[in-house]
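Keep in mind that the numbers below use all heavy atoms, side chains included, and drop hydrogens, waters and symmetry copies.
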Amino acid sequence: MSKVAPATKKPSSTTSIEKIADGGYGEEILSTDLVSESELKRIQRKIDLRIMPWICLTYMFMRLNVNTVGNIAIINAEQKHDIKTQLHLSPSQWAWVISCFYYTYMGIEPFSTLMMKKTSPSFWISRIMVSWGIVACCGAAVQNYAGLITIRTLLGAAEGGFFPCILYYLAFWFRPEEITLRICFMLACNLFQSSGFISYGVAFADGHGHLAGWRWLFIIEGLPPIVLGLLTIFILPDYPDSKATAKFLTEQERHIIKERLYDGAPEKTSATWNTRQAIDVLWNPTFWSFAGIWVGNALGNPTPSFVLPTVIFELGFTNSNISNVLTVPTSVAIFLTLVTCAIMVRKDIWNPFCVAFIRKDVPFDFKLPNVDIHLVQIINLICCVILMTVKQPIVRYVFILIARSASNTVVNILWPSRVAALKGTTAVGLGIALSNVLSNIDGLIGPLIFSTVYGPSYHVSYSICAGILTVGIISIAVTGALVGRPVFRPLQALNSSHVE
């Protein structure tokens with residue numbers, strides 16, 4: 001099948017140095033001195049080696065608190081040294097402990113994302129990390145429900161904007177279709193922080209220094225972001241055309257990277273705020289269809305990380321410490337699924353809106369159906385139905401693992417398509433931030449859907465998820481049609497089509 005081009009400016013196989021030297025940004029002026037695709041890849045590898053390891057490392061530690069809040073809920077539960085027992089928290093209070101983080105986290109994200117452009121990426125990302133780490137360490141000192149709510153609320157305000165800032169930052173360096181594998185790899189690397197293993201080890205520190213295990217966990221997860229945040233100011237380059245921080249690139253290389261970005265890509269020299277662009281973001285129908293995908297996947301996720309250890313614990317075949325460890329295989333499953341799908345989408349073997357179609361030139365012996373569907377989300381829906389009906393703990397655990405890997409893949413492989421649908425510096429930053437706000441709405445409503453009052457079967461919870469997932473699947477089909485990547489297309493037509 002021929003390559004289906006996204007709705008952005010298509011890069012040529014070569015880039016004219018003569019055009020770049022003259023500062024031209026119109027039609028290419030061919031010359032004998034051209035940059036080949038291999039040369040472009042060399043430059044991109046140079047950029048990847050400079051920024052991607054650091055981005056992956058910082059993201060891994062920044063997401064530690066979001067992932068470990070579920071582990072904190074059950075750590076040392078058998079000894080009655082868990083946070084719920086020591087702070088006398090009811091199920092409804094614990095639900096608010098989880099949710100309050102997301103009110104400030106979601107509320108500050110649009111402002112925080114645009115502030116990265118207003119200041120500089122290295123400074124603002126550093127600010128987020130340092131302030132977050134300090135507040136996280138203070139969590140070890142809480143003595144009651146009110147103190148815990150305060151810490152969680154401040155944590156949300158401190159961390160708000162980190163992920164959209166990273167995505168916004170990458171849009172200054174790469175085209176949307178090139179972000180796919182990089183953002184998925186970053187998200188996959190986050191899984192190696194193994195909050196389950198960390199919680200397992202910290203549980204044995206319970207009582208040392210007269211501190212409960214959960215208090216040690218707050219300290220351990222807060223210190224690394226402070227150190228990494230301070231180093232970020234000196235390590236992370238700001239923009240391709242920033243001579244002061246992008247010294248690892250030559251003048252020629254900086255121009256090449258900037259020149260080949262898609263039409264409407266954010267620019268360092270553009271104004272941070274443009275009211276017309278902001279209105280266009282909300283006016284564009286793709287904003288609302290993408291919103292349906294993000295909300296559908298967030299609220300339809302049958303295995304949200306903040307309740308996963310509790311759900312596994314209540315299956316009844318292990319203790320709290322092993323339950324934390326059993327969250328690790330789900331991370332491995334997410335890693336394999338996410339990276340595989342990202343590679344297939346980047347190579348244009350799979351349509352990100354289907355994650356089920358194979359190019360004509362891929363040698364498979366079996367025949368594909370005439371209609372493509374978003375397979376990953378369908379698998380997620382099937383897992384919901386099975387979890388509603390099956391009672392055997394091991395079987396339920398297996399399908400929790402499958403559902404978690406599916407739900408964490410759907411939205412992440414669609415992020416580049418979301419970026420490509422945005423035009424302008426303000427639009428890209430605001431659009432990314434608002435979309436990420438919607439993708440975190442499960443933090444507000446998820447704890448209520450998965451309240452422990454519905455456990456251990458969580459039949460009501462999975463029923464709600466199944467209904468919401470259905471809406472999300474419809475939104476995927478609608479969005480695919482709006483951005484020119486329709487989900488439902490006869491295979492024969494696809495094989496004969498060619499979109500320039």
Side-chain angles (χ1 to χ4, degrees), residues 1-8 10-11 13 37-38 40-53 55-57 59-60 163 166-167 170-171 173-192 260 262 293 297 329-366 368 372-380 401-420 476 479-480 483-485 487 491 494-495 499:
M1 187 187 76
S2 300
K3 194 169 184 178
V4 180
T8 57
K10 186 177 179 180
S13 60
E37 282 295 331
S38 60
L40 287 173
K41 289 180 180 179
R42 183 195 67 80
I43 297 172
Q44 287 191 328
R45 281 195 298 270
K46 192 175 181 180
I47 296 171
D48 284 336
L49 290 173
R50 184 68 168 79
I51 68 176
M52 289 308 299
I55 286 176
C56 291
L57 181 66
Y59 184 75
M60 182 174 68
F163 176 76
I166 294 296
L167 194 55
L170 291 177
W173 292 84
F174 301 101
R175 292 170 58 86
E177 63 270 23
E178 295 166 348
I179 293 176
T180 305
L181 190 56
R182 290 171 174 86
I183 200 69
C184 287
F185 183 74
M186 181 194 78
L187 293 165
C189 285
N190 168 53
L191 305 171
F192 286 113
R260 65 185 303 276
Y262 75 108
I293 299 176
N297 188 71
T330 68
S331 297
V332 174
I334 296 170
F335 176 83
L336 295 175
T337 306
L338 192 57
V339 172
T340 300
C341 288
I343 292 173
M344 293 300 187
V345 169
R346 178 66 186 94
K347 292 180 177 293
D348 202 35
I349 295 174
W350 288 349
N351 178 345
F353 290 92
C354 297
V355 194
F357 76 63
I358 312 296
R359 275 200 323 214
K360 181 181 179 181
D361 55 341
V362 178
F364 283 94
D365 294 327
F366 61 86
L368 294 175
D372 294 299
I373 54 177
H374 199 293
L375 183 61
V376 174
Q377 201 70 306
I378 295 294
I379 291 173
N380 211 2
L401 185 149
I402 296 172
R404 184 155 170 74
S405 61
S407 61
N408 280 270
T409 298
V410 173
V411 164
N412 292 320
I413 61 173
L414 291 177
W415 267 117
S417 298
R418 181 71 195 102
V419 175
I476 290 170
T479 306
V483 301
R485 300 297 300 271
V487 176
L491 184 63
L494 281 171
N495 287 339
V499 180

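Nearest heavy atom pair, residue Ser407 against residue Asn297, reads O-ND2, 3.0 Å. Between Pro416 and Ile179, the closest heavy-atom pair is CG-C, 4.3 Å.
Looking at Val419 and Leu170, their side chains never come closer than 4.5 Å, going by heavy atoms from C-beta outward. The shortest side-chain heavy-atom distance between Glu178 and Trp173 does not fall under the 4.5 Å cut-off. Within the 4.5 Å cutoff, no side-chain heavy atoms of Lys46 are placed close to those of Lys41. Side-chain contact between Ile183 and Phe163 is present, with at least one heavy-atom pair separated by less than 4.5 Å. Counting heavy atoms from C-beta outward, Val410 and Ile476 have side chains that approach closer than 4.5 Å. At a threshold of 4.5 Å between non-hydrogen side-chain atoms, the residues Arg45 and Met52 do not count as touching.
The CZ atom of Arg418 sits 11.0 Å away from the CG atom of Leu414 when rounded to the nearest 0.5 Å. Atom CE of residue Met186 and atom CG of residue Asn412 lie 8.5 Å apart, to the nearest 0.5 angstrom.
Around CZ of Phe185, the count of heavy atoms belonging to other residues, nucleotides or ligands within 6.0 Å does not exceed 12.
Listed for the Thr340 side chain is no donor-acceptor partner under 3.5 Å among the backbone atoms of Thr337. The closest donor-acceptor contact from the side chain of Asn408 to the backbone of Arg404 lies under 3.5 Å.
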Take Leu181 and Phe174 through the test side-chain contact (heavy atoms from CB on, under 4.5 Å) and record every step on the way to the result.
CA-CA 11 Å; Leu181 190 56; Phe174 301 101; over 6 Å; no
Residue pair Ile413, Cys184: steps toward the side-chain contact (heavy atoms from CB on, under 4.5 Å) verdict
CA-CA 7 Å; Ile413 61 173; Cys184 287; 4.1 Å; yes
